[in-house]
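Everything on this sheet refers to the single structure shown next.
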Protein chains: 2
Amino acid sequence: MAVTMRDVARQAGVSVATVSRVFNESGPVGEETRQRIMRTAGALRYVPNGTARSLTTNTTETVGVLLPNLYGEFYSEVIRGVEGAVRARRYHTLLSSVHDGPEELVAALRTLVGRVDGLVVMSPDIAADVIEANLPEGLPVVLLGAAVPGHAAVTIDNEAGAAAMVAHLAGLGHRRIAHVAGGPGNADAQARLAGYRRAVAEAGLDADPALVVDGDFTESSGHAAARALLDLSDRPTAVFAANDSMAIGALRAVREAGLDVPTDVALAGFDDIPVAEYVTPALTSVHVPIHELGARAVEAVLDAMLDGLDGAAATSTTLPTRLVVRESCGAGG
Amino acid sequence: MAVTMRDVARQAGVSVATVSRVFNESGPVGEETRQRIMRTAGALRYVPNGTARSLTTNTTETVGVLLPNLYGEFYSEVIRGVEGAVRARRYHTLLSSVHDGPEELVAALRTLVGRVDGLVVMSPDIAADVIEANLPEGLPVVLLGAAVPGHAAVTIDNEAGAAAMVAHLAGLGHRRIAHVAGGPGNADAQARLAGYRRAVAEAGLDADPALVVDGDFTESSGHAAARALLDLSDRPTAVFAANDSMAIGALRAVREAGLDVPTDVALAGFDDIPVAEYVTPALTSVHVPIHELGARAVEAVLDAMLDGLDGAAATSTTLPTRLVVRESCGAGG
DNA sequence: TTGTAGGCGTTATCAA
DNA sequence: TTGATAACGCCTACAA
């Protein structure tokens, strides 16, 4: 068994209360006594037990983070952002990922409860009511990426970003711009698709339904989607994927078809993950401040903890995106 | 205040003991009673408090992970590996990163204690005794990447990997192979440098001290190191960086110098992070099973928790690396 | 099959 | 300036 406060107290000839005061700098303690306590604590290698502390203070000093999965650079950027903000406030990060369905989400949620003071949940595919039903009231929860009425959330302006990209491509002279979407069940994907559609309409471009193909945000789905698009009799001159991973998969497909990017097909992505800059040609993308996204979510959670939940429910932020033009469609036409 | 077991018990007309039995499936409970309890628990939205649970069971069901920082793909791969293994065992991951010096390491370590059942620590620069001095005995700790006598660790065979790469380059005909090292304070860096030196000697290559330049594992340091190497009157024909990030920085420098990879200079890295495949030309690298590294460390920690610490102290594993030859030096010479 | 009661390590409220 | 002592929410003998 580990050394407890009681051991230190006994050894130092004081009460646990005094030891507690020393470690929390709460209440007055005689200088001599404090020194003695610190000394014996050091000798005994005493370290306060965080769990017990949490129980009495009713605060864990921990923020839980629930992500869909950890694969891909997008999520690692989110984690970076979250962890940075969390440690800046001297809190801890309890990380959890969910791979399968809603049951697993619920299970993860429940095991997190009581271990965290607040929660950042990124769960684009799953309705917020599922989340709400499995959490005690009063636990600050901030949604990441998927805004739901009545819930605090930090989102990005997917629609505007997608529309801007389409407008950019149109400005380059493209009339047939394809979109590799992220799938019908995903909120981000839907918003990006909406932005694409709006911009296509506004610019009077080809609104051929065949130009929209569904993927699932993975590289391989981007690859498959691009193949389908390249097989079209009336091939698009530009392909805009709903995220960079799919764009990279598409890049591979274009190459395999013996075509060149951007000469034959311009290519654009969404997210601007670090790799986007390293592929050749470098990927034009809609930049998402991913790690600010994570940081903002954490701040929202922590603020909600302090202000009480009422303030938090209203606090929804939408971060802007911006276009990053690189070779993959800079010179295209 | 959240709903507690007591609330459920009162509402269901039973004692807390019975509620506890239901939730832990410990001890017998009448079917009718169990149903009633489950129903009222659901109605009250009761969720067991993990903190309180931890206090009595003396187990937190969480593994702490301490990493140097979260930047770069290497660490996100480690996190993936760790989280996967942790959740497979139905545990939790408490993530913590350390940016600055030893004091911060110590602080992080101490706040982790009492919140975790075991610890995975990746701290290549810092002596293990610092870690040991600040942890209660009996807490399973597995070092990641830096083996220290008497400590459980999961490491990779840095030296063999580096030597193999040099041998490969030598086989391609290179005689002047430069090494961008990772700095004197880093254990991995030292081992890779040792492997480089050994292989250079064994193959009877140019052992010019000017061919070894220190970096610090960042891309920009790789860039700077490569510039210095290219400025040498007798330029190396191959540059082997101690990690991929530095290799990518070097790639940029080579390009900026108007030279071609691999025609003018062959380039190789270490780690085989995902980007390595995407840069152009694709990077030849020593593949490190990064996320297996994380997974193994977690398993070692969890095993140590079960078997008692004695078994763990001996459990050190070294994972092999393998060469991944790609364009950046495949055809070079 | 169910209830009672003590304890886990800490904090916090009173007294002293 | 210090010490008893009652929580905190849960688990677990031990009784009933």
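In what follows, chains are A, B, ... by sequence order, proteins preceding strands, each numbered from 1. Note: hydrogens, waters and symmetry copies are ignored here, and every other heavy atom, side chains too, is used.
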What is the distance, rounded to the nearest whole Å, between atom CG of A:Asn58 and atom C1' of C:dA12?
14 Å
Contact under 4.0 Å: A:Thr4 side-chain N or O vs C:dG9 OP1/OP2
no
Without hydrogens or angle criteria, can the side chains of A:Thr51 and B:Thr51 be said to hold a donor-acceptor pair below 3.5 Å?
no
Could you check whether atom CD of A:Glu25 has more than 12 heavy atoms from other residues, nucleotides or ligands sitting under 6.0 Å from it?
no
Polar side chain donor-acceptor pair, B:Gln11 to B:Thr40, under 3.5 angstrom:
no
In whole angstroms, how far is the C1' atom of D:dC8 from the CE atom of B:Met5?
13 Å
Taking DNA chain D as the partner, which of residues 45-53 of chain B come within under 4.0 angstrom of it by heavy atom?
B:Tyr46, B:Pro48, B:Asn49, B:Ala52, B:Arg53
Counting C-beta onward and ignoring hydrogens, is there a side-chain heavy-atom pair between A:Leu95 and A:Leu67 closer than 4.5 Å?
yes
Over all strands shown, is B:Ser20 touching base, sugar-phosphate only, or nothing at heavy-atom distances under 4.0 angstrom?
base
Does the separation of the ring centres of B:Tyr46 and B:Phe23 fall below 6.0 angstrom?
yes
Quick check for you: among C:dC8, C:dT2, D:dG3, whose closest atom lies nearest to any side-chain atom of B:Leu55?
C:dC8
Specify the angle, to 10°, made by the local axes at the two ends of the helix from C:dT1-D:dA16 to C:dA16-D:dT1 when five pairs are taken at each end.
40°
Answer whether the closest heavy-atom distance between the side chains of B:Leu119 and B:Leu66 falls below 4.5 Å.
no
Would you say that A:Val63 contacts A:Leu302 through its side chain, given a criterion of any heavy-atom pair below 4.5 Å between the two side chains?
yes
Sub-4.0 Å heavy-atom contacts from residues 22-36 of chain A onto DNA chain C, ordered by number:
A:Asn24
Whole-Å distance, A:Arg6 CZ to D:dG3 C1', equals 14 Å
Determine yes or no for a side-chain-to-main-chain donor-acceptor pair under 3.5 angstrom, with A:Thr60 supplying the side chain and A:Ser54 the backbone.
no
So, OP1 or OP2 of C:dT2: does either fall under 4.0 Å of a side-chain N or O from B:Thr18?
no
Should A:Val86 and A:Glu83 count as side-chain neighbours, where that means a heavy-atom distance under 4.5 Å?
no
C:dC8 phosphate, OP1 or OP2: any side-chain N/O from B:Thr56 under 4.0 angstrom?
no
Apply side chain to side chain contact (heavy atoms under 4.5 Å, CB included) to A:Leu94 and A:Leu112, showing your working.
CA-CA 8 Å; A:Leu94 195 57; A:Leu112 244 32; 3.9 Å; yes
Short side-chain to backbone donor-acceptor contact, B:Arg36 and B:Ala12, under 3.5 Å:
yes
